[in-house]
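These notes concern the structure reproduced below.
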Amino acid sequence: MRALAALNLAGMAFFLLFLLGIVSGLRTFTGPAVLWLTRHGGVFAYVLAGAAIFEYFYDVQPQAPPRTSISNIISRLLSGVFVGWWGAVAAGVTPGIGAALGAAGALAGAYCSLPIRKRCIDIGGNLASGLLEDIVAIGAAALIVTHL
């Protein structure tokens, strides 16, 4: 019975790490910033938070490259690996599996959210859709990290 409970906790942690990876697919720096601010603090947390804020402003600019450009996909994958690894360490589960799930979540988040974002741009414009995505990413990351 105790082994089953441990397996359930590990499974839940891995699911949450996949979800945090999806947040990295939406916004590259939001997941790492929220994770580091809530779990570790310090200068690095504020650097990540500053990068996240910069990303929010840059994303709505016309010259911003698409989220599926090769440079953005690599950044999102690395972000997913980062949150997966360090989130797994925080949750006490295998970091390698967490990193893989974070990367998979980042790919899913980047590609699956793209048609939704495009539809939101058609309805409300780039700024409104960007702000909505920022709010969703921040809220989801905070909810996920508090349950790790």
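Small disclaimer: the values here were computed from a predicted structure and weren't measured. We're numbering straight along the sequence, starting at 1.
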Flag yes if L35 and L37 sit in one hydrophobic cluster, no otherwise; membership is Ile, Leu, Val, Met, Phe, Trp, Tyr, and two members link when side-chain heavy atoms are under 4.5 Å apart.
-> no

Find out whether I74 and L78 are in side-chain contact, i.e. whether some heavy atom of one side chain is under 4.5 Å from a heavy atom of the other.
-> yes

Only distances under 3.5 Å count here; give the side-chain donor-acceptor pairs of residues 97-114 to other protein atoms, sequence neighbours excluded, each with its distance to 0.1 Å.
| from | atom 1 | to | atom 2 | distance (Å) |
| --- | --- | --- | --- | --- |
| S113 | OG | R67 | NH1 | 2.7 |
| S113 | OG | G109 | O | 2.5 |

Of all the heavy-atom pairs spanning S24 and S79, show the shortest one and how long it is.
-> OG-OG, 2.9 Å

Same cluster for V34 and F15 if Ile/Leu/Val/Met/Phe/Trp/Tyr side chains link at under 4.5 Å?
-> yes

Could you go through the side chain to side chain contact (heavy atoms under 4.5 Å, CB included) check for R117 and D59 one step at a time?
-> CA-CA 12 Å; R117 175 71 189 268; D59 178 66; 2.9 Å; yes

Do V83 and F14 share a hydrophobic cluster (ILVMFWY, side-chain heavy atoms under 4.5 Å, transitive)?
-> yes

Measure across R27 and A137 and return the closest heavy-atom pair with its distance rounded to 0.1 Å.
-> CG-CB, 3.8 Å

Using the side-chain hydrogen bond (donor to acceptor under 3.5 Å, both in side chains) rule, collect all pairs that involve residues 29-46, keeping only residues at least two apart or in two chains.
-> T30-Y56

How long is the span from the CD1 atom in I123 to the NZ atom in K118, to the nearest 0.5 Å?
-> 14.5 Å

Considering non-hydrogen atoms only, spot the tightest contact between I121 and S129 and give its length.
-> CG1-OG, 3.1 Å

Please check if V145 and V23 belong to a single hydrophobic cluster, counting links between Ile, Leu, Val, Met, Phe, Trp and Tyr side chain heavy atoms closer than 4.5 Å.
-> yes

Looking at CG of L26 and CD1 of I138, how far apart are the two atoms once the value is rounded to the nearest 0.5 Å?
-> 11.5 Å

Shortest non-hydrogen pair, A13 vs L148, comes out as O-CD2, 4.1 Å

For Y58 and P65, work out which heavy atoms get closest and say how close.
-> OH-CD, 3.6 Å

I116 vs E133 side-chain heavy atoms within contact, under 4.5 Å | no

According to a 4.5 Å side-chain heavy-atom criterion applied to Ile, Leu, Val, Met, Phe, Trp and Tyr, with indirect links allowed, do I22 and W86 form part of one hydrophobic cluster?
-> yes

Among all residues two or more places apart in sequence or in another chain, which pass the salt bridge (Lys or Arg N to Asp or Glu O under 4.0 Å) test with R76?
-> none

How far does OG1 of T28 sit from CD1 of I73, to the nearest 0.5 angstrom?
-> 9.0 Å

